[in-house]
Amino acid sequence: MLEDKFWLKKSLAEMNNDEWEAICDGCGKCCLHTFIDSDEQDENFKSTDVLREGEEIIYTAIVCRYLDTKKCFCTEYENRTTLVPSCVKLTKDNIDNIFFMPPSCSYRRLHEGRGLASWHPLLNNGSKAVMHRMGISVKGRVMKDNQIDMDLFEDYIADWPKEDHD
């Protein structure tokens with residue numbers, strides 16, 4: 001059983017595993033395919049833990065094949081990083097490198113001191129209905145990566161993942 005409003009009393013670093021998992025709002029945006037657009041055309045491009053000057057994260061409306069797009073949860077959660085090696089497992093150890101998560105991500109919001117949004121399931125008796133109704137989640141907005149030609153990913157660029165409410 002989770003302590004009432006634990007996120008107001010503990011930092012992300014102080015949370016136990018159940019509390020950490022409960023912070024996830026279940027929007028599914030972390031399952032979106034993204035890429036970094038850069039002003040520089042560098043053949044020796046190397047991934048970093050921060051955005052460099054002239055770089056921008058571009059979100060697409062393409063999600064991982066393992067995301068249940070109606071309920072917004074990973075159908076292979078325990079095996080996700082094995083099945084999809086590029087799947088990022090957000091942890092207390094890598095939370096400082098959260099730049100790649102959308103602004104509405106509850107982990108990012110707490111990390112940045114913005115608190116949970118009013119639509120978060122923890123503030124709505126565990127229901128995702130408000131989140132879905134406000135268009136925060138991927139529900140009804142995405143295609144799965146195994147259902148499209150990924151060479152055409154630019155046709156699926158989306159700005160809505162950048163939106164935050166509250």
Side-chain angles (χ1 to χ4, degrees), residues 7 12 15 17-38 45 47-51 55-112 114 116-124 126-166:
W7 61 92
L12 288 167
M15 291 180 190
N17 190 60
D18 290 341
E19 293 165 336
W20 178 266
E21 291 292 325
I23 293 301
C24 177
D25 51 55
C27 70
K29 288 182 186 174
C30 60
C31 300
L32 292 169
H33 285 266
T34 60
F35 62 95
I36 295 178
D37 187 23
S38 179
F45 177 81
S47 180
T48 65
D49 293 338
V50 295
L51 282 176
E55 293 180 337
E56 176 187 7
I57 294 181
I58 305 296
Y59 294 91
T60 69
I62 305 167
V63 293
C64 173
R65 68 193 67 204
Y66 299 112
L67 185 72
D68 179 318
T69 58
K70 291 185 175 73
K71 296 182 181 177
C72 296
F73 74 89
C74 181
T75 60
E76 293 289 342
Y77 188 73
E78 295 302 320
N79 301 313
R80 69 192 185 280
T81 57
T82 301
L83 293 168
V84 182
S86 63
C87 179
V88 177
K89 181 178 181 181
L90 194 59
T91 67
K92 295 174 189 180
D93 293 333
N94 67 8
I95 193 76
D96 288 337
N97 305 326
I98 199 165
F99 75 90
F100 59 88
M101 297 298 278
S104 63
C105 170
S106 296
Y107 294 103
R108 182 172 176 175
R109 290 180 59 96
L110 289 178
H111 182 70
E112 293 174 350
R114 296 185 289 133
L116 292 183
S118 63
W119 45 263
H120 194 287
L122 285 172
L123 299 174
N124 291 281
S127 173
K128 293 183 181 182
V130 175
M131 178 179 59
H132 293 318
R133 192 168 47 251
M134 290 180 71
I136 304 295
S137 74
V138 301
K139 184 178 181 180
R141 304 178 110 174
V142 294
M143 297 290 297
K144 290 189 176 192
D145 57 11
N146 62 343
Q147 297 173 331
I148 65 160
D149 180 352
M150 287 298 288
D151 289 335
L152 302 175
F153 71 91
E154 289 180 334
D155 292 345
Y156 295 91
I157 291 175
D159 284 330
W160 56 264
K162 297 177 185 177
E163 297 172 7
D164 196 3
H165 301 276
D166 281 0

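Looking at Glu19 and Trp7, their side chains never come closer than 4.5 Å, going by heavy atoms from C-beta outward. Under the 4.5 Å side-chain criterion, counting only non-hydrogen atoms from C-beta, Met131 is in contact with Cys27.
Heavy-atom minimum distance, Ile95 versus Ile98: O-CB, 3.2 Å. Scanning all heavy atoms of the two residues, the minimum distance from Cys31 to Leu67 falls at SG-CD1, 3.8 Å. When all heavy atoms of Thr60 and Leu32 are compared, the closest pair comes out as O-CD2, 3.2 Å. The two residues Pro103 and Pro161 come nearest to each other via the heavy atoms CD-O, 3.8 Å. In this structure, Lys29 and Val138 approach most closely via the heavy-atom pair N-CG1, 3.7 Å. Minimum heavy-atom separation, Val84 to Cys64: CG2-SG, 3.9 Å.
Judged by distance alone, with hydrogens and angles left aside, the side-chain atoms of Arg141 form a donor-acceptor pair with the main-chain N or O of Gly135 at under 3.5 Å. Between the side chain of His120 and the main chain of Ile23, a donor-acceptor pair closer than 3.5 Å is present. A donor-acceptor pair under 3.5 Å is formed between the side chain of Tyr107 and the backbone N or O of Trp20. Thr34 contributes no side-chain N or O that, together with a main-chain N or O of Ile57, makes up a donor-acceptor pair within less than 3.5 Å. The backbone N or O of Cys87 lies less than 3.5 Å from no partner atom in the side chain of Thr81, so there is not a single donor-acceptor pair. Not one N or O on the side chain of Trp119 forms a donor-acceptor pair closer than 3.5 Å with the backbone of Ile136. Side chain of Arg80 to main chain of Lys89: no donor-acceptor pair is present (N/O by atom type, distance under 3.5 Å, no hydrogens or angles).
Relative orientation of the Phe153 and Phe35 rings is perpendicular, given thresholds of 30° and 60° on the angle between their planes.
Salt-bridge formation is detected for the pair Asp164/Arg109: a Lys NZ or Arg NE/NH1/NH2 atom is positioned less than 4.0 Å from an Asp or Glu carboxylate oxygen.
The neighbour count for Lys162 NZ, taken as heavy atoms of other residues, nucleotides or ligands under 6.0 Å away, is above 12.
With rounding to the nearest 0.5 angstrom, the CG atom of Asp145 is 9.0 Å from the OH atom of Tyr66.
Side chain to side chain, Lys128 and Ser137 fail the donor-acceptor criterion of an N or O pair below 3.5 Å.
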Next on the checklist: Between Val130 and Arg133, is the side-chain contact (heavy atoms from CB on, under 4.5 Å) condition met? List the steps.
Outcome noted: CA-CA 5 Å; Val130 175; Arg133 192 168 47 251; 3.4 Å; yes
